[in-house]
Visitor: 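Shown below is the structure under consideration.
Computed from heavy atoms alone, side chains included, the values below leave out hydrogens, waters and symmetry copies. Below, chains carry the letters A, B, ... as their sequence lines are ordered, and counting in each starts from 1.
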Amino acid sequence: MKTLFLIDILYMKDINAIYNFQNGDYIIKQLKKLLETQITSLIKKKINKKVLIELTNTHADVFELIIYENFTIDEVLEIKNLIFEHVINYPFKLLNKKSSINIDVTIGCSKSDDQLIRIYAEKALHKAKLNFVHYMYYDAYLYKNEAISENLLDVLNYNIENNLVEPYFQPIMDNTTDKIVKYEGLMRLFDKKGNVLLPHVFIHKSKKCRLYTKLMEILIDKIVFYINEYKLNISINLDYTDILNPNIKRSLISKIRKNNIGQYLTIEILESEKIANFNIVNDFIAEVKKYNVKIAIDDFGTGFSNYEYILNLNVDYIKIDGSLIKKIDEEIYLNLIKSIVQFCKQQEILIVAEFVSDLKILRYVKAIGIDYSQGYHISKPIKIEEIIGERE
Amino acid sequence: MKKQLKKITDITINDLLNKEVIMPSIYFEKFNKNARTLDIDIKDSSFGKELNKLLIEDFNSIERYMNTIEKNASIIKEAVEGTQTALLNKDIDTLTDIYSQISKLEKEVIHLNKQLFVDDLTSSNNRKWIYNKFLNKEALFKRNGVCVLIDIVDFDYIDSEYGTLLANNLIIFINNFIKKNLKEEKIDFKVARFFDNQFLIFIEEKKEKEVSNLIFNIKQLLRNTTLKSKAGLAIRADYKYSISKYKESEESKEIFEQLFQVLKEE
């Protein structure tokens with residue numbers, strides 16, 4: 001059994017840029033010496049027995065310290081603290097010998113007798129950086145669970161190969177007439193046992209595996225088919241990055257044009273990142289509006305979605321985020337929602353409340369003049385067959 | 001005072017908005033109850049009328065309590081000395097005092113009763129609750145439903161490697177995660193911690209397929225969740241589950257054994 005620490009200098013590029021590469025290399029040299037001599041001997045002293053310790057400079061500013069010993073989690077933590085404290089407090093000299101600087105390091109650690117230990121430690125290092133913490137320990141035994149989630153990749157491919165991606169439709173009700181006027185098409189996948197997978201289970205993974213575009217293509221095809229067949233008003237979600245993706249954009253516009261379904265379609269724009277270029281989005285909006293497509297801003301009021309969107313984008317609807325609607329009975333949230341409603345009314349934008357999960361919320365939503373409601377109180381997302389069945 | 005009454009009105013309306021029909025009596029009852037939770041300035045004469053109304057309601061409540069106490073006079077006689085004299089003298093103060101004592105006692109009994117059937121760590125039900133409350137005396141199911149057994153596969157490893165504190169935090173997280181997700185799906189459910197690392201969920205009024213889909217998705221979400229401790233530990237556990245329908249008067253033993261068997265075979 002061995003324990004591996006990956007020690008990575010934080011913002012090395014900055015050090016190189018400010019103090020030049022010669023000083024950068026000099027600092028790496030000093031770190032190597034510090035780890036090799038002082039820190040290694042302190043670790044041995046702490047363990048108080050003979051152990052083999054190996055040090056390698058794996059990349060430019062990354063060091064790999066392997067200790068051939070099966071430590072407990074607490075011992076690992078103590079050794080990490082020892083390394084970290086000594087490195088960050090060490091005065092690293094510059095070549096001019098006049099001044100010294102301190103550096104920061106990130107440490108990724110893992111323990112295993114497995115050959116893959118380095119991957120586990122790399123993973124820990126990566127996670128630590130992502131989370132802006134200086135240390136992360138990744139358990140090799142629990143790492144097997146990471147592999148299990150690879151099954152999800154199989155499910156994604158299975159759905160693409162067999163054209164199984166299917167929209168489920170959540171009704172949107174007109175608050176004045178209490179009639180269903182539209183449906184939001186939500187993506188569903190199926191595993192081999194026929195279990196239905198909800199988007200929050202697979203969307204992130206599908207984007208990570210670069211399969212999201214393919215899933216979207218199938219979803220859009222099916223929605224276009226259902227609109228053609230049953231003349232339903234349907235809204236679909238498009239991420240800001242989908243709009244930036246020329247393939248999705250081109251294919252969607254061509255489908256709208258060929259099938260002449262624009263008047264039935266609403267595109268809900270949601271953002272995984274802040275919209276940096278409103279011109280691109282407005283060009284897209286102008287293009288689809290030629291075919292009478294309506295535009296909605298999704299999840300309004302939280303995250304990146306704010307008044308700037310309304311001011312900069314030519315939209316027909318805004319959908320107030322469920323996290324706000326959920327708390328509509330709290331005075332502060334009610335006031336916030338009222339202010340959104342007032343603003344939208346003045347801008348002649350229609351409003352949809354999401355997450356209307358009970359009668360109380362619906363009463364509030366109606367009382368403050370929100371135009372449409374969507375949520376479990378109206379209906380859960382349903383299959384196309386159920387909508388057609390109800391109509392017949 | 002007006003502000004307070006407005007506040008009481010808001011709370012009352014909020015309490016009642018989910019009811020299809022709101023009868024005036026329910027409104028008054030709720031309003032009264034909420035009014036008593038807030039401090040009222042008796043010296044504020046401008047709201048004397050409202051105050052009087054509240055007092056009348058309070059008085060009516062006390063009368064109702066008196067009736068209840070009278071009905072249980074024989075028990076009270078044994079329990080509280082002097083009740084009889086107080087009743088004869090119509091000593092409302094003493095009776096109110098006795099009432100509050102009994103209420104306190106009742107609350108304590110309820111509290112104790114709850115504690116008996118609640119899992120200390122998660123505040124969910126415990127195994128005792130399953131056999132004493134959920135099932136009937138012969139350990140048969142009282143109603144039809146679907147039962148899910150959830151197993152945290154890596155619990156023992158995490159407990160031995162990372163310590164009980166972290167393992168317990170994992171259990172609490174999972175318990176809350178399951179409850180939150182089921183609530184969001186508007187599922188009526190009961191959760192009980194069966195063993196250290198196993199939970200039983202009972203869901204009535206839902207089809208097995210619907211429950212199966214839901215649990216499948218919850219499992220996927222849990223599996224993809226990495227828990228990070230302040231000390232820089234990243235933990236990702238694995239989970240298993242099994243599902244079974246049960247019918248009214250069916251033996252719980254058979255269903256539970258079946259659930260464990262399926263889990264073992266997975």
Visitor: Between A:K380 and B:E210, does the side-chain contact (heavy atoms from CB on, under 4.5 Å) criterion hold? Intermediate values first, please.
Guide: CA-CA 12 Å; A:K380 285 186 178 185; B:E210 202 179 334; 3.9 Å; yes
Visitor: Hey, does B:F216 have a side-chain heavy atom less than 4.5 Å from the side chain of A:V196?
Guide: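 A:V196 vs B:F216: side chains apart.
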Visitor: Between A:D191, A:L77, A:T72, A:I107, who has the most heavy-atom pairs with chain B when the cutoff is under 4.5 Å?
Guide: A:D191
Visitor: Is the side chain of B:N213 donor-acceptor paired with the backbone N or O of A:L197 at a distance under 3.5 Å, no angle test?
Guide: no
Visitor: Take atom CD1 in A:I332; do more than 12 heavy atoms of anything else shown fall under 6.0 Å from it?
Guide: no
Visitor: Heavy-atom pairs under 4.5 Å with chain B - which of A:D74, A:V76, A:D139, A:V133 has more of them than the others?
Guide: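 Highest number of pairs under 4.5 Å: A:D139.
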Visitor: Between B:E185 and A:Y376, is any pair of side-chain heavy atoms under 4.5 Å apart?
Guide: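 Of all side-chain heavy-atom pairs linking A:Y376 with B:E185, at least one is under 4.5 Å.
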Visitor: Take atom NE2 in A:H200; do more than 12 heavy atoms of anything else shown fall under 6.0 Å from it?
Guide: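 Counting other residues, nucleotides and ligands, NE2 of A:H200 exceeds 12 neighbours.
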Visitor: Take atom NE2 in A:H134; do more than 12 heavy atoms of anything else shown fall under 6.0 Å from it?
Guide: yes
Visitor: Give the minimum heavy-atom separation between A:M136 and B:L233, together with the two atoms involved.
Guide: CE-O, 4.3 Å
Visitor: Can you tell me if B:K180 has over 12 outside heavy atoms packed within less than 6.0 Å of its NZ?
Guide: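 Counting other residues, nucleotides and ligands, NZ of B:K180 stays at 12 neighbours or fewer.
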Visitor: Under a 4.5 Å cut-off applied to non-hydrogen side-chain atoms, are A:L142 and B:I235 in contact?
Guide: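 SC-SC contact between A:L142 and B:I235 confirmed.
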Visitor: Closest approach of B:N224 and A:V201, non-hydrogen atoms and distance?
Guide: ND2-O, 4.1 Å
Visitor: For A:N131, is it the side chain, the backbone, both or neither that has a heavy atom under 4.5 Å from a heavy atom of chain B?
Guide: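 The side chain, not the backbone.
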Visitor: I'd like to check B:T226 versus A:K127 (side-chain heavy atoms, cut-off strictly below 4.5 Å). Are they in contact?
Guide: yes
Visitor: Within a strict 4.5 Å, meaning less than it, do heavy atoms of the A:K326 and B:E184 side chains meet?
Guide: yes
Visitor: Looking at every non-hydrogen atom in both residues, tell me the closest pair between A:N195 and B:S212 and how far apart they are.
Guide: OD1-OG, 3.3 Å
Visitor: How far apart are the closest heavy atoms of B:K209 and A:K193, and which atoms are they?
Guide: NZ-O, 3.9 Å
Visitor: Please flag which part of A:L198 lies under 4.5 Å from any non-hydrogen atom of chain B: side chain, backbone, both or neither.
Guide: both
Visitor: Does B:K186, at its NZ atom, have more than 12 non-hydrogen atoms belonging to other residues, nucleotides or ligands within less than 6.0 Å?
Guide: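 Result for NZ/B:K186: enclosed.
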Visitor: Which heavy atom of A:I73 sits nearest a heavy atom of B:E161, and at what distance?
Guide: CG1-O, 3.1 Å
